Amino acid sequence: NDQTGLYSVFRNPWHTPLTIFIAVVGVIAIVALVTVAVLQNKPLIPKYKYGIVLDAGSSHTAMYIYEWPAEKDNNTGRVEQTHSCKVKGPGISSYASDPKKAGQSLQVCMKEAERFVPSERHEETPLYLGATAGMRLLNIENSTASDQVFQAVSESLQKSPFSFQGARILSGQEEGAFGWVTVNYLDDRLKQVCTTGALDLGGASTQISFVSDAFDGSESPNNSVNFRLYGNDYNLYTHSFLCYGKDQVLRMALSGPGSISDPCFHNGYSESKNYMTLYNSPCVSKRKPVSSPADFTHVGKGNFYQCQELVKSVFDFTQCKYTQCSFNGVYQPTLQGPFGAFSAYYFVMNFLNLTDTSVPLQSVKEALARYCSTPWETIKKQHPGIKLKYLAEYCFSGTYILTLLTEGYNFTSETFSKIRFIKQIKGSDAGWTLGYMLNLTNMIPAEAPDTPLLPHAGYVSVITVIALVLFLLFVLSLRPLWPRCSQKPQIV
Ligand SMILES: Nc1nc2c(ncn2[C@@H]2O[C@H](COP(=O)(O)OP(=O)(O)O)[C@@H](O)[C@H]2O)c(=O)[nH]1
């Protein structure tokens with residue numbers, strides 16, 4: 001008994017086998033809990049999926065490769081453009097007389113895509129070709145030729161290792177709506193009520209798309225597109241003006257009165273051009289004079305204000321059967337919200353150094369007027385690296401853009417400042433291609449996806465803190481077993 005008593009005085013209660021066992025199991029459990037929480041929620045090694053879209057425009061074709069993390073397909077803002085390739089040569093509609101060449105022209109970019117998309121993903125990567133206004137016009141003019149071009153490009157794309165999903169003409173409404181989806185997706189606006197309008201200027205058509213409180217679709221159902229994205233309903237106004245891309249408007253302006261001595265080209269510019277090539281488009285065929293010479297000399301006289309009047313003459317403001325119209329009798333609700341203007345809007349305004357819309361509209365016009373009145377020789381000397389075809393047209397294109405925005409769409413000096421001229425948003429080009437792919441791959445859900453309560457780092461911290469608290473509680477619960485300072489004198 002005495003012995004036992006002595007032993008109990010010297011015994012460290014932590015050294016009972018049960019306590020040691022519980023302590024070890026407790027520590028292992030906590031370490032395991034934290035490790036599992038960290039590993040389970042750590043983003044896996046990035047594995048990406050890919051999608052390829054070819055934008056067959058009127059003046060050229062461009063290929064875009066998109067990628068997104070394989071395990072998270074439907075979170076906003078996660079699909080990114082990783083590569084783009086400009087196809088050499090003109091748009092596919094220019095190959096009407098030799099369709100095979102349209103198919104061949106795509107091969108260089110398709111080979112590039114094979115290098116940029118990892119080979120184990122080739123087979124499952126969807127590949128789309130969408131054609132816009134150039135092919136819409138060819139289809140109006142000669143539908144057999146348009147079918148042959150599609151046949152040729154489809155055959156060429158089927159040879160690629162990707163999963164070819166078809167080549168087709170996008171309607172103007174789709175082009176406008178998908179451009180709007182792209183801009184708002186990249187801007188992370190799709191979970192919000194306030195969205196950004198989209199202004200797209202091509203060579204053969206132009207699109208305007210925006211959400212307006214004043215528009216419910218009833219006045220002009222053809223201009224209405226309804227979306228349900230991430231749990232929000234959008235009633236989008238969109239219109240595509242065929243023939244109002246800048247290349248076709250240039251033809252219309254040239255074929256009108258005063259076309260030979262042209263205020264939209266610089267003083268000193270003089271080029272011999274062919275009437276046949278000018279009129280070979282359904283946009284201008286009605287304007288063709290009964291008897292015209294084979295060639296004409298296109299002479300510039302560099303006057304912005306006269307150019308503006310000439311450009312205005314291509315718009316019809318005389319008819320409108322709705323409460324309000326933009327032009328050509330097309331309904332347009334009151335403009336609302338910020339706008340992103342891309343494609344040729346950006347190329348032209350960027351070249352002219354006029355992308356800063358905080359500059360008053362009047363000053364923008366004055367700067368363009370000064371540019372237009374600069375002699376052609378001076379312009380060429382100032383910009384030696386620029387393709388002469390583009391260089392010659394910037395005065396016209398800038399004038400057309402300002403006229404379209406202010407006279408056509410009714411932007412005022414105040415609302416003009418809400419336009420942003422953009423090429424890319426967060427590294428991806430603004431245009432219809434991304435929105436088109438997101439739609440076809442069902443990557444934007446109608447309802448908001450369930451988002452985790454906490455971000456990864458926050459989640460791990462909370463788990464760690466809870467584990468520590470549990471451990472402390474556990475240690476405290478063993479309090480009766482803690483060694484105590486004995487009141488009794490210790491016998492040594
Ligand atoms: N200045 C300039 N213009 C360009 C460039 N790339 C395309 N464009 C012009 O921008 C317009 C875009 O046309 P595109 O996309 O082919 O036409 P869409 O099919 O009518 O949408 C055309 O008028 C082209 O000439 C560029 O790099 N610089």
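First listed ligand is number 1; within each ligand, the first listed atom is number 1. Values in this document were obtained by computation on a predicted structure and should not be read as measured data. We number each residue from 1, following the sequence as shown.
With a 4.0 Å heavy-atom cut-off, ligand 1 is reached by no atom of Phe351.
The shortest contact between atom 15 (O) of ligand 1 and any protein heavy atom is with His60 CE1, 4.2 Å. Of all protein heavy atoms, the one lying nearest to atom 14 (P) of ligand 1 is Ser59 OG, 3.6 Å. Looking from atom 25 (O) of ligand 1 to the surrounding protein, the closest heavy atom is Tyr390 CE2, 3.6 Å.
The heavy atom nearest to atom 7 (C) of ligand 1, considering only Tyr345, Tyr346, Phe347, is found in Phe347. Residue nearest to atom 11 (C) of ligand 1, selected from Ser58, Ala62, Gly179, Gly203: Gly203 (by heavy-atom distance).
Residue contact check: Ala344 has heavy atoms under 4.0 Å from atoms 10 (O), 11 (C) of ligand 1. Atoms of ligand 1 found under 4.0 Å from any heavy atom of Tyr394 (numbered from 1 in listed order, with element): 1 (N), 2 (C). Atoms of ligand 1 found under 4.0 Å from any heavy atom of Thr132, numbered from 1 in the order shown, are 18 (P), 19 (O), 21 (O). Set against the non-hydrogen atoms of Lys86, the atoms of ligand 1 under 4.0 Å away are 6 (N), 27 (O). Counting the atoms of ligand 1 from 1 in the order shown, those under 4.0 Å from a heavy atom of Ser205 are 20 (O). Close approach of ligand 1 to Gly202 is summarised as follows: ligand atoms under 4.0 Å from at least one heavy atom of the residue are 11 (C), 12 (C), 13 (O), 17 (O), 18 (P), 20 (O), 21 (O). Proximity to Asp247 (heavy-atom distance under 4.0 Å) selects the following atoms of ligand 1: 22 (C), 23 (O), 25 (O).
Proximity of Gly245 to ligand 1 is not established, as no heavy-atom distance is less than 4.0 Å. For Glu393, the closest heavy-atom approach to ligand 1 does not fall below 4.0 Å.
Ion pairing of Asp295 with Lys273 is absent here, as no side-chain N (NZ or NE/NH1/NH2) approaches a carboxylate O to less than 4.0 Å. Ion pairing between Glu377 and Lys381 fails under the 4.0 Å rule for side-chain N and carboxylate O. Using a 4.0 Å cut-off between charged nitrogen and carboxylate oxygen, Glu67 and Arg121 do not count as a salt-bridge pair.
To the nearest 0.5 Å, the span separating NZ on Lys159 from CZ on Phe164 amounts to 12.0 Å. Separation of atoms CG (Asp262) and NE2 (His298) is listed at 3.5 Å; rounding is to 0.5 Å.
Counting only residues at least two apart or in different chains, salt bridge (Lys or Arg N to Asp or Glu O under 4.0 Å) contacts with residues 325-335 are absent.
Among Phe178, Phe227, Trp432, the one residue that satisfies the side-chain contact (heavy atoms from CB on, under 4.5 Å) test with Asn439 is Phe178.
Residues meeting the side chain to side chain contact (heavy atoms under 4.5 Å, CB included) test with Ala367, sequence neighbours left out: Leu354, Arg370.
Any N or O atom pair closer than 3.5 Å counts here, and Gly57 shares no such pair with ligand 1.
Thr82 and Glu80 share no side-chain donor-acceptor pair at under 3.5 Å.
In Glu123, the CD atom is not crowded: 12 or fewer heavy atoms of neighbouring residues, nucleotides or ligands sit closer than 6.0 Å.
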